[in-house]
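Encoded as structure tokens, the structure appears first; notes follow it.
Basis for what follows: all heavy atoms, side chains included, without hydrogens, waters or symmetry-related copies.
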Amino acid sequence: MDDFVKNADNAPTGYVAAEAAGLRWLAEPQAVPVVEVLEEEKKTLRLALLEAVPPTAEAARELGRGLARLHDAGAPAFGWTPTDGAWFGPLESPFAVANTPNADFAGYWADDRLRPLADNVTRTLGANGHDTVDEAIDIIADGAFDGVSGQGEEEPARVHGDLWSGNVLWTADGATLIDPAAHGGHRLEDLAMLSLFGAPFLEEIFEGYEAEHPLPGDWQQDLHAHLLFGLLAHVRLFGEAYVDQTIATAEAIIDRADQLGF
């Protein structure tokens with residue numbers, strides 16, 4: 001089998017093991033194509049070589065259906081990862097994230113993921129920006145987004161964790177997941193990240209998802225709450241270029257929570 005080799009000479013110890021375990025865990029339910037791990041070493045990961053093809057609307061709908069099945073396969077807890085270490089970000093500059101198992105979404109998302117990141121970029125956000133982000137995080141911590149559209153509470157989903165459009169490779173076998181930050185999370189995390197930079201046929205992906213796992217009619221208005229981590233990560237990694245979008249997203253979270261009665 002032809003292969004693709006990822007060299008992680010400058011990555012943290014355990015990074016390769018975490019990615020390999022994440023890929024295997026995502027592939028386990030056989031819900032959606034995931035790149036195959038052929039061999040794993042301390043600083044090298046050998047993967048099956050994938051041949052890209054143009055995306056299509058039907059492939060996008062099938063990706064949505066597959067993601068719903070993947071999420072429904074579940075996870076042991078929010079924040080749980082299949083290895084001891086967990087990271088987020090590009091191979092050249094990933095940063096560690098907490099992976100303490102948590103029984104509720106609010107505690108995991110607000111306290112383990114969002115607050116440490118917001119505190120790390122306080123100076124870049126500016127005083128007013130940080131106050132707005134802090135208010136949004138407090139709202140998330142109060143449980144406004146534990147469910148979908150203010151309804152119920154989600155169980156931990158099996159999520160890719162970094163599903164921006166560049167981590168979906170369109171192949172003849174269907175849209176294939178690569179480069180995960182796999183963990184137990186909220187199902188809307190992956191759908192939010194797909195929307196961040198505009199995945200091809202995004203609405204068709206959402207159509208396929210809803211066909212497999214129905215959602216409330218206004219669910220997309222919740223996505224801001226699940227985008228905040230990715231945007232704060234971009235502020236940390238790339239600086240001021242993402243500050244305005246991050247603050248606008250925090251404001252949208254506050255407005256959405258008000259609509260939901262929180």
With sequence neighbours excluded, what pairs up with His186 under the ring-ring contact (aromatic ring centres under 6.0 Å, His included) test? Phe105, His226

Is it the case that more than 12 heavy atoms not belonging to Asp119 sit under 6.0 Å from its CG atom? yes

With a 4.5 Å heavy-atom cut-off, do Val243 and Val121 have their side chains touching? no

Ala48 versus Val35, closest heavy-atom pair with distance: O-CG2, 3.5 Å

Trace of the side-chain contact (heavy atoms from CB on, under 4.5 Å) decision for Val159 with Arg187: CA-CA 7 Å; Val159 300; Arg187 67 178 62 250; 5.5 Å; no

Provide the closest heavy-atom pair for Phe145 versus Ala257 in the form atom of the first, atom of the second, distance. CZ-N, 4.2 Å

With a sphere of 6.0 Å drawn around CD of Glu153, does it hold more than 12 non-hydrogen atoms of other residues, nucleotides or ligands? no

Is it the case that the side chains of Glu189 and Trp109 hold a donor-acceptor pair, with the cut-off being a distance below 3.5 Å and no angle test? no

Quick one: does Asp3's side chain get under 4.5 Å of Leu47's, heavy atoms only? no

Nearest 0.5 Å, what's the OG-CG distance between Ser149 and Leu215? 8.0 Å

Side chain of Thr81, backbone of Thr83: donor and acceptor closer than 3.5 Å? yes

Is a donor on one side and an acceptor on the other found under 3.5 Å between the side chain of Lys43 and the backbone of Val16? no

From CD (Glu36) to OG1 (Thr176), nearest 0.5 Å: 11.5 Å

Quick one, Asp190 with Leu194, criterion side-chain contact (heavy atoms from CB on, under 4.5 Å). Give me CA distance, side-chain angles, the key distance, then yes/no. CA-CA 6 Å; Asp190 281 346; Leu194 281 168; 5.6 Å; no

Can you name the closest pair of heavy atoms from Trp25 and Gly184 and give their distance? CH2-N, 4.0 Å

Under the side chain to side chain donor-acceptor pair (under 3.5 Å) test, which residues partner Asp112, sequence neighbours left out? none

Please round to the nearest 0.5 Å and tell me the distance separating atom CG of Leu125 and atom CG of Asn120. 10.0 Å

Would you call Arg115 and Asp138 a salt bridge, using N to O less than 4.0 angstrom? yes

Hey, is the main chain of Asp104 close enough, under 3.5 Å, to the side chain of Asn102 for a donor-acceptor pair? yes

Which ILVMFWY residues are connected to Val53, directly or by a chain of links, through side-chain heavy atoms under 4.5 Å apart? none

Who are the side chain to side chain donor-acceptor pair (under 3.5 Å) partners of Glu19, not counting sequence neighbours? Lys6

Heavy-atom closest pair (Val133 atom, Ala250 atom, distance to 0.1 Å) is CA-CB, 3.9 Å

Rounded to the nearest 0.5 Å, how far does CG of Asp222 lie from CG of Leu260? 6.0 Å

Compare all side-chain heavy atoms of Tyr15 with those of Pro94 and state whether any distance is below 4.5 angstrom. yes

Side-chain contact, heavy-atom cut-off 4.5 Å: Phe78 with His183? no

Is it the case that the side chains of His213 and Asp72 hold a donor-acceptor pair, with the cut-off being a distance below 3.5 Å and no angle test? yes

Arg158: which residues meet the salt bridge (charged side-chain N to carboxylate O under 4.0 Å, His left out) condition with it, sequence neighbours left out? Glu28

My understanding is that only residues two or more places apart in sequence, or in another chain, count here; which of them pass ring-ring contact (aromatic ring centres under 6.0 Å, His included) with Tyr209? His71

Any donor-acceptor N or O pair under 3.5 Å, side chains Thr122, His130: yes

Between Asn167 (side chain only) and Asp162 (backbone N and O only), is there a donor and an acceptor less than 3.5 Å apart? yes

What heavy-atom pair brings Ala157 and Ala75 nearest, and what distance separates the two atoms? O-CB, 3.7 Å

If two hydrophobic side chains count as joined below 4.5 Å and joins carry through other members, does Leu91 share a cluster with Met193? no

Applying side-chain hydrogen bond (donor to acceptor under 3.5 Å, both in side chains) as the test, list every pair that has at least one member in residues 86-97; sequence neighbours left out. none

For His234, what residues pass the ring-ring contact (aromatic ring centres under 6.0 Å, His included) criterion, not counting sequence neighbours? Phe197, Phe238, Tyr242

If the condition is salt bridge (charged side-chain N to carboxylate O under 4.0 Å, His left out), which residues does Glu58 pass it with, not counting sequence neighbours? Arg61, Arg65

Using a 6.0 Å cut-off, check whether atom NZ of Lys42 has over 12 heavy atoms from anything other than its own residue. no

For Phe229 and Phe88, take the angle between the two ring planes, folded into 0 to 90°, and tell me which bin it lands in: parallel under 30, tilted 30 to 60, perpendicular over 60. perpendicular

Is there a side-chain contact between Pro29 and Leu70 (heavy atoms, below 4.5 Å)? yes

Closest approach of Leu223 to Leu188 (non-hydrogen atoms, all atoms of both residues): CD2-O, 4.0 Å

List the residues meeting side chain to side chain donor-acceptor pair (under 3.5 Å) with Glu155, not counting sequence neighbours, and say none if there are none. none

Give a yes/no verdict on a cation-pi contact between Arg236 and Phe95, requiring under 6.0 Å between NZ or CZ and the six-membered ring centre and an angle within 45° of the axis. yes

Take atom CG in Asn128; do more than 12 heavy atoms of anything else shown fall under 6.0 Å from it? no

Measuring from Ile140:CD1 to Glu135:CD, what's the distance to the nearest 0.5 Å? 11.5 Å

Quick one, Gln151 and Pro216 - any side-chain contact, counting heavy atoms below 4.5 Å? yes

Decide side-chain contact (heavy atoms from CB on, under 4.5 Å) for Thr132 and Ile254; before the verdict, give the C-alpha distance in whole Å, the side-chain angles of both, and the deciding distance to 0.1 Å. CA-CA 9 Å; Thr132 303; Ile254 295 165; 4.2 Å; yes

With a 4.5 Å cut-off on side-chain heavy atoms, are Trp80 and Asn99 touching? no

Could you tell me which residues satisfy salt bridge (charged side-chain N to carboxylate O under 4.0 Å, His left out) with Asp218, sequence neighbours excluded, listed by chain and number? Arg256

Residues in salt bridge (charged side-chain N to carboxylate O under 4.0 Å, His left out) with Asp146, at least two apart? none

Applying side-chain contact (heavy atoms from CB on, under 4.5 Å), run through Leu63 and Trp170 and close with a yes or a no. CA-CA 10 Å; Leu63 171 61; Trp170 303 86; 4.2 Å; yes

Tell me whether His224 contacts the main-chain N or O of Asp255 through its side chain, where contact means a donor paired with an acceptor under 3.5 Å. no

What's the separation between atom CG in Leu228 and atom CD1 in Ile137, rounded to the nearest 0.5 Å? 6.0 Å

Flag if over 12 foreign heavy atoms under 6.0 Å of CD, Gln259: yes

Decide, yes or no, whether a salt bridge links Glu40 with Arg46 under the criterion of side-chain N to carboxylate O below 4.0 Å. no

Evaluate the side-chain proximity of Leu23 to Ile178: yes if any heavy-atom separation is below 4.5 Å, no if none is. no

